[in-house]
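Whatever order the structure lists ligands and atoms in, that order sets their numbers, starting from 1.
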Amino acid sequence: MPSLLQCMDCKTEYAIDEVRYVCDHCGGLLDVIHDWDGITITQSLFDERLGSLEPPYNSGVWRYKELIYPDIDDSLIVSKPEGNTNLYPSPKLARWTGVDKLYLKHEGENPTGSFKDRGMTGGVTQARVLGMERVACASTGNTSAALASYAALADMEGIIFLQNKAIALGKLAQGLAYGATCLRIDADFDRNLELVREVSDRLGIYVLNSVNPFRLEGQKSIMFEAIQQLRWQAPDWIVCPGGNLGNSSAFGKALKELYDLGLIDRLPRIAIIQAEGASPLYESYLTGFEDYEPQKADTIATAIKIGNPVNYQKAVRAIKWTNGVVESVTDQQIMDAKALIDRSGIGCEPASACSVAGTRKLAEKGIIQPHETVVGILTGHVLKDPDATIGYHSNMLEDISATYPNKLLQAGDNIDEIIHLLEREKMPV
Ligand SMILES: Cc1ncc(COP(=O)(O)O)c(C=O)c1O
Ligand SMILES: N[C@@H](CCOP(=O)(O)O)C(=O)O
């Protein structure tokens, strides 16, 4: 039986070839549901595809095709290829966070520098299945960069709604460079998401934010790939930043599918980490998810400056499925963790550092135990937000001090002056 769309609340089903994001009956979010009867899905099926040079299995998303979109015609798949990101053992950062084993899954190594590429290959492929010519999103930056790139690859028009003067330069440059129509709107991300959905509904444009369940199907592959890299030994924790909550929702669905299919023998716990200034899920978590209040978001981690996450219900489901937790961290904690991730030679953008800052905070609280194995998800590349990095090391960020400053020195065209500076700044042996 072909895959279908199903409401996560009332379970109403819809054909997969309909343009739809929420349930007509109750407004609930939709899941893509696959029929795996008659399909043999094993660890070795995916292990045999590692290192493939041919599409679609050279992609770190479509390597797991049976779990992503089993009956898609390979010729319709829009893939760069994406994924195949490194899982870095990080003993130094493990010590700083207080756990024995910390691995960092670096999604900044995707083609446009964030995990969004994994979702976009799923979303743009579905746009092609539906015969759509125009795709659109609201964005804090990375979704727009990925949409612009994949739309260009698929010969579709990309349209992106950005908050005016509130997007990291690297991301704005990408959307523009890849040829999308860039709208800088005097509205925040949450309002822009409302606008793009209304405009797209009127103009027959396909929305590719994570309200689109095909985005989440692609992002499930982060879990598939990380656990395959751990030789199918599930870690104790998956720790990730939370903004619009599509990624953490995808992780919950991925882990449950792996467990239900017998590919892992236990479920890792998911920890969603929000920036203190943009933490509606965390505030709701403190009430046992009894209450939910959208916020006016404000954080230096502009990627997750989101006050009314569209995937709130799916993220709650992911937390409940995995006996997970939600935590918040300050901008200072984010930027300090970023400085250490950067100095380790891996690098990331501010929002990504929530994973390491959050691991440290949860270990300090005794929620993550020292002997437990943690996989932290780094969601974006260090080049995405150069202003944040240079501002931190120049100690120029408002209300944030450079706890771990690197050296940014100034010298004239004078050898003695340069030698003096270098000798003065020589690292202690
Ligand atoms: C770099 C980065 N990290 C984390 C997130 C949070 O992911 P999600 O919105 O799926 O919760 C986003 C996007 O929102 C992002 O761009
Ligand atoms: N950080 C995101 C915000 C939108 O998230 P999406 O997953 O719903 O598209 C971005 O990069 O725009």
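The nearest non-hydrogen atom to atom 9 (O) of ligand 2, considering only L193, T143, I304, comes from T143.
Residues passing the salt bridge (charged side-chain N to carboxylate O under 4.0 Å, His left out) test with D387: none are found, sequence neighbours excluded. When the ring-ring contact (aromatic ring centres under 6.0 Å, His included) test is applied to H381, no partner is found at least two apart in sequence or on another chain. By the salt bridge (charged side-chain N to carboxylate O under 4.0 Å, His left out) test, E18 pairs with R20, sequence neighbours left out.
Ordered by chain and residue number, the residues placing a heavy atom less than 4.0 Å from ligand 1 are F115, K116, N142, P241, G242, G243, N244, L245, G246, N247, A303, I304, E349, A351, T379.
Atoms of ligand 2 lying under 4.0 Å from at least one heavy atom of T140, given by number and element, are 1 (N), 2 (C), 3 (C), 10 (C), 11 (O), 12 (O). Numbered from 1 in the order shown, with element, the atoms of ligand 2 that lie under 4.0 Å from a heavy atom of S139 read 10 (C), 11 (O), 12 (O). Residue N142 has at least one heavy-atom neighbour below 4.0 Å for each of these atoms of ligand 2: 10 (C), 11 (O).
Distance from atom 7 (O) of ligand 2 to its nearest protein heavy atom, with residue and atom name: R215 NH2, 2.7 Å. For atom 8 (O) of ligand 2, the closest non-hydrogen atom on the protein side is S210 OG, 2.6 Å.
Heavy atoms of N247 found under 4.0 angstrom from ligand 2: none, in either backbone or side chain. Using a 4.0 Å cut-off between heavy atoms, K116 contacts ligand 2 through its side chain alone, with no backbone atom that close. Contact annotation: for N244 versus ligand 2, heavy atoms closer than 4.0 Å belong to the side chain alone.
You'll find the ring centres of F46 and F224 outside the 6.0 Å limit.
At least one donor-acceptor pair closer than 3.5 Å links the side chain of R49 to the backbone N or O of R63. Side-chain atoms of H106 never come within 3.5 Å of backbone atoms of C348 as a donor-acceptor pair (strictly under, hydrogens ignored). Counting only distance, with no hydrogens or angles, the side chain of S249 and the backbone of A315 share a donor-acceptor pair below 3.5 Å.
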Pair Q332, T403 - check side chain to side chain contact (heavy atoms under 4.5 Å, CB included), show working. CA-CA 9 Å; Q332 179 70 55; T403 313; 3.2 Å; yes
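Within the 4.0 Å heavy-atom cutoff, G141 counts among the residues contacting ligand 2. Residue-ligand proximity: I306 is placed with a non-hydrogen atom under 4.0 Å from ligand 2. By the 4.0 Å heavy-atom criterion, A303 is counted among the residues contacting ligand 2.
Taking the ring axis of Y57 as reference, the NZ or CZ atom of K65 does not stay both within 45° of it and closer than 6.0 Å to the ring centre.
V356 places a side-chain heavy atom less than 4.5 Å from the side chain of L104.
Under a cut-off of 6.0 angstrom, the local environment of CD in E133 is sparse, with at most 12 non-hydrogen atoms contributed by other residues, nucleotides or ligands.
The N/O atoms of S144, backbone and side chain alike, include none that comes under 3.5 Å of an N/O atom in ligand 2.
One finds a salt bridge joining K220 and E217 here, because a Lys/Arg side-chain nitrogen approaches an Asp/Glu carboxylate oxygen to under 4.0 Å.
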